[in-house]
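As a basis for the values below, the full set of heavy atoms in this structure was taken, side chains included, without hydrogen atoms, waters or symmetry mates. In this chain, residues are counted from 1 in sequence order. Computed from a predicted model, the values in this text were never measured in an experiment.
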Amino acid sequence: MSARVKIYDTTLRDGTQGEGVAFSVEDKLLIARKLDELGVDYIEGGWPGSNVKDAGFFSRARSLKLTHARLAAFGSTCHPRHRADQDPNLRALIEAETPVVTVFGKSWDLHVKKALRISLDENVNLIGASIAYLKSVGREVIYDAEHFFDGYAADAAFAIQTLKAADQAGADTIVLCDTNGGTLPSRLAEIVAHVRTQIKAPIGIHTHNDSDMAVANSVAAVEQGASQVQGTINGYGERCGNTNLCSIIPVLELKLGRETIGRERLGMLTSVSHYVAELANLPHRSDLPFVGRSAFAHKGGVHVSAVMRDPVTYEHIDPELTGNARRVLVSDLSGKSNVLYKAAEMGVDISGSEPGLKGVVDRIKELEHNGFQFEAAEGSFKLLLEEATGNLKDFFSLDSYTVETDRDSEAGITSKATVRLVLNGRVKKAFGEGCGPVNALDRALREALSDSFPCLKEVRLVDYKVRVLDADKATAARVRVLIQTRDDEETWSTVGVSENILEASWQALADAVNYKLQKAHRPAREGEESLARERVM
């Protein structure tokens with residue numbers, strides 16, 4: 001394997017500059033521990049001189065017992081009016097008591113003239129003095145050359161001069177930053193190759209994703225000799241984000257043969273990606289390469305048929321290498337292979353039922369044409385499979401339901417539902433009251449079944465979504481309702497479609513209950529001792 005590439009994580013600093021990303025001090029401490037477990041080399045904790053939260057993090061981070069990563073504090077070179085040893089920003093970096101300090105400086109003459117409003121020579125001196133001072137107090141110093149590639153395009157000689165100042169002052173690593181994210185990989189590679197002939201210090205790369213090339217640019221830099229890559233988990237960051245470490249790490253390990261966190265830790269990537277998204281309170285993007293839920297999801301019948309013979313036909317790596325898993329989706333694009341795969345995955349044997357198999361495929365295509373969707377409603381799909389194999393037990397059927405909503409003069413709203421079900425040839429009537437019509441309908445359904453099926457007491461609805469399918473029909477449009485339900489063992493989703501939102505909700509609610517009842521009684525049907533034997537009244 002070629003020389004190792006060090007991974008520098010800036011999720012806790014640059015990542016928090018992304019829109020919608022915010023971490024508490026406690027969140028940052030938890031993420032730092034998780035990143036250390038993942039095996040990154042550096043964790044940039046924030047800018048201690050910029051805000052109270054980051055100062056608080058570094059205060060508490062002193063007690064972190066990191067086993068692999070080195071903690072870094074981030075800040076700028078000293079202010080033009082201050083000597084390096086008297087600069088408040090540099091002092092804050094030292095007081096953070098991290099073994100590593102990362103400082104950024106100006107590489108683009110435009111910024112020197114218009115932002116700092118000092119001469120080019122003064123800027124070069126600031127860089128050298130700041131790094132020399134930080135080295136004098138025993139810190140490992142990483143220098144981030146901000147806007148380096150734009151600066152190089154504007155005035156290559158000056159941009160290189162700033163790097164030489166950092167090199168001569170003793171910077172341990174000099175990081176070239178594509179801060180605006182506009183450089184193309186071919187051009188970036190040329191520049192990195194040239195820089196390597198000009199300085200002695202190891203080179204790092206820090207890219208942004210404004211042209212959707214952050215990972216590609218990081219790869220190009222490594223191919224030209226960069227030995228450190230800076231990035232964030234899930235690509236969080238300013239504007240369009242930073243290099244996504246969940247992509248660049250497996251690319252370097254599996255495609256380029258460069259060691260980063262090590263093959264044995266690659267399997268943690270998917271869980272870490274989800275962990276950080278959860279603490280950020282953001283949905284985890286299903287289309288993320290390597291770690292997204294859809295990264296190894298197969299929908300087309302031809303694809304699934306091939307994958308069942310050999311996954312390499314439509315998968316560039318084994319999903320388990322990054323802790324992910326293969327998924328097969330069922331939709332109107334499905335063929336028999338999709339259904340067979342999903343049936344085996346769900347423990348339903350339909351391999352010997354060719355007519356039944358064709359019936360399931362045809363039924364799926366018909367239902368999806370009418371607005372149903374089973375990709376996210378595997379509970380309803382499993383009921384279709386049970387029906388095709390003749391194993392769908394008829395626990396109850398609907399006789400009728402009525403739902404009323406009353407609003408009084410003080411804007412108080414009450415919803416009531418009445419449900420009449422047929423159980424074992426007898427009609428059972430029940431009432432429910434809730435904060436809305438669907439809630440009332442759900443309660444009435446459970447009340448009607450509660451005596452006969454006590455197992456429903458452990459079932460709870462955890463999510464409810466409505467999607468308008470043909471918005472051009474306005475209030476007469478069809479809607480798709482997706483319900484997520486949970487018991488003590490698992491979570492399942494069910495679907496309903498109708499022009500009437502209550503009817504669509506009823507379909508999804510009834511499927512959710514049926515799924516639980518099928519599961520509770522399945523061992524008895526298979527000749528095994530029932531784990532949840534109940535009397536049908």
Side-chain angles (χ1 to χ4, degrees), residues 8 14 74-84 87 89-90 93 101-135 141-208 210-211 213-214 217-218 220-222 224-230 238-239 242-243:
Y8 183 109
D14 218 350
F74 177 88
S76 68
T77 54
C78 63
H79 193 279
R81 292 198 300 268
H82 299 146
R83 282 175 35 186
D87 184 73
N89 173 65
L90 296 186
L93 293 175
V101 169
T102 300
V103 289
F104 73 92
K106 305 298 184 183
S107 300
W108 190 358
D109 59 354
L110 175 74
H111 276 252
V112 176
K113 296 171 184 175
K114 294 196 173 181
L116 294 182
R117 288 184 254 185
I118 59 176
S119 71
L120 300 184
D121 287 341
E122 285 178 291
N123 178 69
V124 171
N125 291 335
L126 287 179
I127 295 169
S130 298
I131 293 172
Y133 172 63
L134 293 171
K135 288 298 298 179
V141 179
I142 295 173
Y143 174 65
D144 280 6
E146 187 188 34
H147 289 103
F148 176 76
F149 294 97
D150 292 311
Y152 188 95
D155 187 338
F158 171 69
I160 293 293
Q161 187 182 1
T162 64
L163 301 186
K164 289 182 175 179
D167 195 19
Q168 292 164 5
D172 294 279
T173 304
I174 294 175
V175 180
L176 312 181
C177 302
D178 187 28
T179 311
N180 284 354
T183 308
L184 297 179
S186 56
R187 179 60 175 153
L188 182 139
E190 292 175 7
I191 296 172
V192 173
H194 177 64
V195 167
R196 287 199 66 208
T197 68
Q198 301 297 306
I199 61 174
K200 297 178 181 179
I203 292 172
I205 186 70
H206 177 118
T207 62
H208 282 256
D210 299 73
S211 300
M213 294 187 183
N217 276 333
S218 295
V222 170
Q224 295 301 321
S227 57
Q228 181 190 111
V229 172
Q230 297 189 356
E238 191 92 22
R239 303 181 311 278
N242 290 46
T243 295

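Under 3.5 Å, the side chains of Tyr8 and Thr102 contain a donor-acceptor pair of N or O atoms. Side-chain contact, Gln230 with Asp14: no donor N or O sits under 3.5 Å from an acceptor N or O.
Closest heavy-atom contact between Lys106 and Leu116: CG-CD1, 3.6 Å. In terms of heavy-atom proximity, Leu188 sits nearest to Ala220 at CD2-CB, 4.2 Å. Nearest heavy-atom pair across Leu126 and Thr77 is O-CB, 4.2 Å. Scanning both residues, Ser211 and Gly182, for their nearest heavy atoms gives OG-CA, 3.6 Å. Here the closest heavy-atom approach between residue Ala84 and residue Leu90 is recorded as O-CD1, 3.5 Å.
Here the side chain of Asn89 pairs a donor or acceptor atom with the backbone of Ser76 at under 3.5 angstrom.
Atom CZ of Arg196 sits in a sparse spot, with 12 or fewer heavy atoms from other residues, nucleotides or ligands closer than 6.0 Å.
Classification of the His194-Tyr152 ring pair by plane angle, with boundaries at 30° and 60°, yields perpendicular.
Screening Thr243, Asp178, Asn217 for a side chain to side chain donor-acceptor pair (under 3.5 Å) involving Thr207 leaves a single residue, Thr243.
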CA sep, side-chain torsions, deciding dist, call: His206, Asn242, side-chain contact (heavy atoms from CB on, under 4.5 Å): CA-CA 8 Å; His206 177 118; Asn242 290 46; 3.6 Å; yes
